[in-house]
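Structure, as structure tokens:
For clarity, every value in this text was computed on a predicted model and none was experimentally measured. Every number for a ligand or one of its atoms is a count from 1 in the order of the listing.
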Amino acid sequence: MSTEVYDCIVIGAGIQGSSTAYHLAENKQKTLLLEQFVLPHSRGSSHGQTRIIRKAYEEDFYTKMMHESYELWAQLEKEAGVQLFRRTGLLVMGPENEGGFSNVKATLQKNEVPTVLLERKEFSQHIPNVNLTDGNGALVDTTAGVLYADRSLRAIQGLYQNNGGLIKDAEKVIDIKPGDVVTVTTESGAYRGKSLVITAGPWANTLLTRAGLELPLKVVKINVCYWKEKIPGTYSVSHRFPCFVQYNPKEAENVIYGLPSNEYPGLMKVCYHTGSETEPDERDKQKDRGDIDILSRYITRCFPGLVPAPAVVESCLYTVTPDDNFLLDCHPNYSNIIIGAGFSGHGFKFGPVVGKVLCQLAMGQVPSHDLSPFCIKRFQSHTKSAL
Ligand SMILES: Cc1cc2nc3c(=O)[nH]c(=O)nc-3n(C[C@H](O)[C@H](O)[C@H](O)COP(=O)(O)OP(=O)(O)OC[C@H]3O[C@@H](n4cnc5c(N)ncnc54)[C@H](O)[C@@H]3O)c2cc1C
């Protein structure tokens, strides 16, 4: 083992670990970012070309964090000199006076987020080729848009390295020894750090068990479906079609969301916001396509300009907590082991601000956001701490 002691070791080079490492290096911390696979890879949660960024949330605390996240994304874009964000707006639809739609509307109004409320009679004039369900309301969060995900990850890792940060990929962490100086063992070496950040995405539970902690995290496989436009361009980013989220669709219990056609010309991405449970290393053994049936029926009813059978299906993983809120906290027994996990399928847009607060925790500082909604102790009855 080398005698070198890092200020911080970060495990996992997805969006959350890479953003944390970026902030640590910015703060002159000697940082090592360890990744089990050769980079880039498509086995976790951060790969793919696009993600939605929005302030439209049911919970106030997410909307508030997004104010800063937008600023940090803009700063990253400037530093990297590449476009990471494209504004498209987000169309929110759902039963007018109940559930997700009315909660989002209230949060947007309370936080003075620029929003356009669409009356039913003018809906098709603003949003052609979409059928608004009877009894549904519609609004547009005009701040929202598309993040170029793969490009963002590359840019953040590049900026981290430019600031002196070290990445070692193809180094799977197999053991963690807590202490004032934490020892992290990989398949090819051992490293020591004054603090450790664990941002292992779908593998969080495997790794946390090695740090003596079991948390109620569930990994689900998402079928990422692309649907062909009957007339190319109908729902395209260049025709200013927005991202969308549909609360309480008639076809299912969970949310359906989509992004305008962009990365694959003529194909629009529309997905169901949940999937079937899987082991992260056995993702492709999970063959359930129940979500695709739901999406086909929804598309037939609401998006008549799409062929209701997917043209391309890719795979991605969510790591979900019981309440769908993130987990951002210190290990209950070791204040120098920090955990960022359970991003529940909506964490990408928060990458820069999550990275900032995890960096603050690793440096022993008071985090600049209230992290009480994200604490470990809310799962007390499900949590086992062995060490
Ligand atoms: C289909 C899909 C659509 C989504 N859409 C959106 C969206 O529109 N907007 C949004 O904000 N979010 C969205 N998300 C969610 C977002 O992408 C995730 O919340 C985010 O990518 C999670 O990042 P992460 O860094 O926690 O995990 P990951 O990206 O999985 O990174 C974890 C990393 O840790 C590494 N690792 C694990 N174990 C070890 C080990 N033992 N040793 C070394 N390395 C290890 C893994 O290999 C991996 O690279 C979506 C997710 C999916 C799957």
> Does the cation-pi check pass for Arg120 over Phe123, that is, NZ or CZ under 6.0 Å from the six-membered ring centre and within 45° of its axis?
Replying inline: no
> Who are the residue neighbours of ligand 1 when the rule is a heavy atom under 4.0 Å from any of its atoms?
Replying inline: Ile11, Gly12, Ala13, Gly14, Ile15, Gln16, Leu34, Glu35, Gln36, Phe37, His41, Gly44, Ser45, Ser46, Arg51, Ile52, Glu171, Lys172, Val173, Thr199, Ala200, Gly201, Pro202, Trp203, Leu207, Ile222, Val224, Tyr257, Cys316, Leu317, Tyr318, Phe343, Gly345, His346, Gly347, Phe348, Lys349
> What's the spacing between Met363 CE and Gln360 CD if we round to 0.5 Å?
Replying inline: 9.0 Å
> With side chains defined as the heavy atoms from C-beta onward, is the minimum distance between Tyr247 and Val104 less than 4.5 Å?
Replying inline: yes
> What do you reckon, are the aromatic ring centroids of Phe326 and His346 less than 6.0 Å apart?
Replying inline: yes
> Can the ring centroids of Tyr62 and Tyr57 be said to lie less than 6.0 angstrom from one another?
Replying inline: yes
>> A cation-pi test, strictly: NZ or CZ of Lys250 under 6.0 Å from the centre of the six-membered ring of Tyr298 and no more than 45 degrees from its axis. Yes or no?
In response: no
